[in-house]
Amino acid sequence: EVKTSFQEEHLPTGGMTVYPNPAGKEVMLKWDLDQERHPWQILDSSGRTVARGSMSGGAERISVDGLAAGAYHMALEIGGERRMEGFIVR
């Protein structure tokens, strides 16, 4: 079992989905609520940013091929709020 320093019960996902979980070489980040551009980040278990980009509504394919196996969080900034969802890289 992989443990993280995040307390997931306090992290709102707000219409965001990250799949598959666990992930192999890539994840899909899905956001359905608007078409504006929003920045995303992948955070490791210590909260350090290991990847970043931006997306608009719909789905974005994001490579996690260079990440070590372990627990991560996808963070999506929407209207000044951060939405987060955890996922595992195999």
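- Taken to the nearest 0.5 Å, the NE2 atom of His73 stands 5.5 Å off from the CE atom of Met84.
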Can you list the steps and then say if Arg83 with Glu85 is a salt bridge (charged side-chain N to carboxylate O under 4.0 Å, His left out)? CA-CA 7 Å; Arg83 314 278 190 219; Glu85 184 168 327; over 6 Å; no
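- Residues Tyr72 and Asp44 approach most closely at CD2-CA, 3.7 Å, considering heavy atoms.
- Looking at residues two or more places apart in sequence or on another chain, you find a side chain to side chain donor-acceptor pair (under 3.5 Å) between Ser54 and Arg37.
- Leu67 approaches Val89 most closely through the heavy-atom pair O-CG1, 4.0 Å.
- The stretch residues 69-80 participates, sequence neighbours left out, in these salt bridge (charged side-chain N to carboxylate O under 4.0 Å, His left out) pairs: Glu77-Arg82.
- Across Val64 and Gly24, no two heavy atoms sit closer than the pair CG2-O, 3.5 Å.
- Heavy atoms only, all atoms of each residue included: Ala59 and Met28 are closest at CB-CE, 3.6 Å.
- In this view, Pro22 and Ile88, Arg90 satisfy the side chain to side chain contact (heavy atoms under 4.5 Å, CB included) rule, not counting sequence neighbours.
- Atoms NE2 and CG, on His38 and Leu76 in that order, are 6.5 Å from each other to the nearest 0.5 Å.
- The two residues Met74 and Ile42 come nearest to each other via the heavy atoms CE-CG1, 3.7 Å.
- In the model, Asp65 has no side-chain atom that pairs as donor or acceptor with a side-chain atom of Ser63 under 3.5 Å.
- Contacts of Glu60 classified as side chain to side chain contact (heavy atoms under 4.5 Å, CB included), with partners at least two apart in sequence or in another chain: Trp40, Met55, Ile62.
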